[in-house]
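A note on names: the letters A, B, ... follow the listed sequences, proteins ahead of strands, and every chain is numbered from 1.
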There are 2 protein chains.
Amino acid sequence: MINRITQKEIAKHMNVSISTVSKALKDSYEISKDLRHKIQAYAKQNKYFPNPIALNLKNKSSQTIALILPEIIHHFFSSVIKGIEEVIHNNGYNLIISLTQDSLEKEIQNVENLAQKNVDGFILCLSKETQWNNSIAHIQEAIDTGHPVVLFDRVTDLVECDKVISNDYESAIQVTNNLLAEGRRKIGLITTQDFISVGTLRTKGYEDALNKLGIEVDRSRILKVSNVDNSNEEIKEFIDKSEVDAIIGVNETFTAQALMHLRKKGKSVPEDISLVTFSDGLLSTFTSPNLTALDQQGMQMGMASATLLIKRLEAKAKKRQAPLFKTEIIETKWIKRDSTKKQF
Amino acid sequence: MINRITQKEIAKHMNVSISTVSKALKDSYEISKDLRHKIQAYAKQNKYFPNPIALNLKNKSSQTIALILPEIIHHFFSSVIKGIEEVIHNNGYNLIISLTQDSLEKEIQNVENLAQKNVDGFILCLSKETQWNNSIAHIQEAIDTGHPVVLFDRVTDLVECDKVISNDYESAIQVTNNLLAEGRRKIGLITTQDFISVGTLRTKGYEDALNKLGIEVDRSRILKVSNVDNSNEEIKEFIDKSEVDAIIGVNETFTAQALMHLRKKGKSVPEDISLVTFSDGLLSTFTSPNLTALDQQGMQMGMASATLLIKRLEAKAKKRQAPLFKTEIIETKWIKRDSTKKQF
DNA sequence: CTGAAAGCGCTTACAG
DNA sequence: CTGAAAGCGCTTACAG
């Protein structure tokens with residue numbers, strides 16, 4: 001910044017010391033009312049603002065929170081960002097965003113780099129590679145060096161910290177039950193690889209719901225997409241060869257791709273096959289038929305994450321006892337559209 | 001940050017002065033080779049890293065760039081962010097993101113706040129309100145106080161600075177010509193209000209292309225959506241009452257909504273009506289039929305913006321002459337899909 | 001009620 | 001070749 005007035009200049013102009021200015025500006029009782037007001041008036045008139053960098057150096061706090069994400073081009077992540085942004089700015093913090101592109105190495109770099117720059121804390125969604133390798137040393141180190149972390153969506157048990165997740169397991173049970181109630185018995189699942197925490201939970205919910213009704217889980221009805229960039233091919237093949245009367249997709253793209261291939265095969269949705277997707281977004285309302293969805297409430301997840309982090313930071317700033325670590329569960333919202341039968 | 005080793009501690013341990021340490025770490029010829037190496041070795045071993053905040057205070061630079069956006073939940077903006085993020089991180093800068101929600105007040109707050117925090121420069125897409133009011137004092141002030149600004153997509157002539165835009169006018173001419181070549185004569189346009197720079201340019205291109213062929217512009221075939229949150233209603237009404245044999249939509253949502261209502265009316269695309277959308281994204285590939293689109297190349301726009309800004313910052317850092325202000329034009333990419341006829 | 005001094009972590013012109 | 005001093009802008013314990 002160029003041309004900003006400093007305490008030094010105010011001091012010079014008022015013929016007092018810098019310490020006096022500093023105290024007057026904080027309305028300290030140490031300074032006579034008269035002088036205090038004069039200094040404040042002059043400061044205001046000259047648009048004085050404390051230099052945040054100097055405060056940062058002094059306080060070792062930057063009033064900045066870092067958000068580290070795998071990707072950004074997804075409705076879910078955009079919504080999360082929106083929620084975080086709102087809470088963070090309402091509380092006077094700034095938000096730094098870094099992307100990992102699902103690479104562990106980039107995640108480590110980002111965390112170390114930002115910790116060095118004195119961000120006050122992290123909100124983080126683990127990269128695929130991180131979950132795959134279970135390497136969380138960088139997260140632990142961030143915490144150990146005094147940077148609180150909130151994990152959301154893709155989390156890990158290996159780190160003790162605040163977490164925000166959807167009720168993925170329960171939602172999967174619910175979806176499966178709803179499809180069973182429609183009379184579906186050959187329910188398929190299109191999901192991600194097992195190492196992704198969210199996918200695993202959903203798969204488990206699906207399996208448990210089936211088992212509970214004594215229906216055997218048929219592995220051939222589960223597709224674990226191995227290469228997300230090639231999901232369309234894998235899904236095509238899956239649709240071609242597997243016999244299903246309903247499909248649960250773990251995200252919109254998978255589900256919409258499944259829909260496309262079903263239609264090409266001449267199947268009608270929801271007459272022949274019901275379709276439900278996790279993670280509601282733009283897409284679901286524009287396919288034909290529209291997709292019944294479980295909205296993950298990204299914005300709420302973002303807001304919850306930011307709130308948890310800020311509470312912890314405030315406790316720290318006020319030297320109050322740190323709150324206990326908490327895992328907040330955001331309930332998914334069932335959005336009934338046209339890709340499932342209407343009867344319930 | 002807690003527990004990081006400082007030059008002071010190194011100095012103490014090595015029994016030298018802090019200045020010596022500082023110089024040795026910068027490999028200054030002033031320090032004897034021997035001492036220099038010893039200090040460097042010790043620093044490395046103890047994972048010394050300079051405190052970025054201290055450097056910031058000293059240099060009045062934070063190695064941080066602020067990105068200010070109206071919204072984030074759009075494929076276009078997500079792509080832009082991705083491009084910016086990549087360039088910025090490859091150059092050792094950090095990225096701060098703030099959203100304006102299309103409000104002028106929030107835009108002003110963000111710019112002032114971040115300028116105060118010594119961000120090195122801004123990349124900014126003007127909010128609707130800013131364009132509507134033509135209030136750019138805050139942008140000018142940021143520039144005047146030494147924070148270079150790059151405007152992208154929604155820009156203004158009122159500020160002299162680097163800019164990155166699509167060739168909106170030319171693209172609109174091209175789309176219109178292509179539709180004319182298909183034999184369409186009653187081409188409709190669904191766009192935004194006039195004060196948005198991008199929308200105006202596209203409308204003008206559309207009009208000029210028609211005029212050039214001696215076709216009169218029929219105002220009833222142009223919809224300027226007044227309330228974006230209510231676009232679906234406005235578009236429904238437009239589709240119901242206006243006679244068109246082709247529609248150009250200024251973004252995916254508008255175009256997909258138009259498609260939905262056309263289908264409900266029993267029109268077939270592209271047999272009865274051709275559809276083209278600006279701003280390619282996820283949606284266009286999942287509607288049926290898929291939408292022919294003009295991809296705005298968000299990622300390229302982001303990369304170009306970041307590159308322009310960084311060049312200017314580097315010039316400043318090296319006290320070289322500032323480059324001339326530049327307006328970079330990113331060409332849209334024509335993506336032929338199924339919502340237009342195939343014959344060309 | 002006011003101010004000098006030391007400090008946050010670093011740099012650099014100057015002295016020796 | 002090495003270091004003391006001043007400075008970036010602010011805070012605060014201490015002295016008067």
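- If you check every strand for non-hydrogen atoms under 4.0 Å, A/Ser32 touches sugar and phosphate atoms only.
- The distance from atom CG of A/Asn51 to atom P of D/dG7 is 17 Å, rounded to the nearest whole Å.
- Nearest nucleotide to the B/Ala54 side chain, out of D/dT2, C/dC10, C/dT12: C/dC10.
- Side-chain N/O atoms of A/Thr20 include one lying less than 4.0 angstrom from OP1 or OP2 on C/dG3.
- Base contact: B/Lys23 has a heavy atom under 4.0 Å from a base atom.
- Across all strands shown, D/dT2 forms a Watson-Crick or G-U wobble pair, both distances under 3.5 Å, with C/dA15.
- No donor-acceptor pair closer than 3.5 Å links the side chain of A/Asp162 to the backbone N or O of A/Val150.
- Side-chain nitrogen and oxygen atoms of B/Lys8 include none within less than 4.0 Å of the OP1 or OP2 phosphate oxygen of C/dG7.
- Looking at B/Gln140 and B/Asp144, their side chains do bring a donor and an acceptor atom within 3.5 Å of each other.
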Would you sort out whether B/Ser197 and B/Gln131 count as a side chain to side chain donor-acceptor pair (under 3.5 Å), showing the intermediate values?
CA-CA 8 Å; B/Ser197 56; B/Gln131 291 211 318; 3.1 Å; yes
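- Note: CG (B/Leu25) to P (D/dT2) measures 14 Å, nearest angstrom.
- Residue-level contact check: B/Ser19 touches the bases, meaning some heavy atom is under 4.0 Å from a base atom.
- With hydrogens and angles left out, the side-chain atoms of A/Ser103 and A/Thr100 include no donor and acceptor closer than 3.5 Å.
- For A/Tyr48, a side-chain nitrogen or oxygen approaches OP1 or OP2 of D/dC10 to under 4.0 Å.
- Here, C/dA4 and D/dG7 have their P atoms 15 Å apart, quoted to the whole Å.
- Using a 4.0 Å cut-off, no side-chain N or O of B/Ser17 falls inside it from OP1 or OP2 of D/dT2.
- Looking only at atom types and distance, the side chain of B/Thr130 has a donor-acceptor partner in the side chain of B/Ser127 under 3.5 Å away.
- Within 4.0 Å of B/Leu35, counting heavy atoms only, lie sugar-phosphate atoms of the nucleic acid but no base atom.
- Judged purely by atom type and a 3.5 angstrom limit, B/Asn51 uses its side chain to pair as donor or acceptor with the backbone of B/Ile53.
- The separation between A/Ile18 atom CD1 and C/dA6 atom P is 15 Å, rounded to whole Å.
- In this structure, B/Lys60 reaches the D/dG9 phosphate: one of its side-chain N or O atoms is under 4.0 Å from OP1 or OP2.
- At whole-Å resolution of the value, CD1 in A/Ile31 and P in D/dT11 are 13 Å apart.
- Separating the CG atom of B/Asn56 from the P atom of C/dC10 is a distance of 13 Å, rounded to the nearest angstrom.
- Nucleotides D/dC1 and C/dC10, compared at atom P, are 25 Å apart to the nearest Å.
- Checking A/Phe49 against B/Asn15, the closest nucleotide of DNA chain D that is more toward the 5' end is the one next to B/Asn15.
- Residue contacts shown for B/Leu57 include a base, since a base heavy atom lies under 4.0 Å away.
- The phosphate of C/dG9 (OP1 or OP2) has no side-chain N or O of B/Thr6 nearer than 4.0 angstrom.
- Rounded to whole Å, the distance from CG on B/Leu55 to C1' on D/dG7 is 14 Å.
- Note: NZ (A/Lys58) to P (D/dC8) measures 16 Å, nearest angstrom.
- As rounded to whole Å, 14 Å separates atom C1' of C/dG3 from atom CD of A/Gln7.
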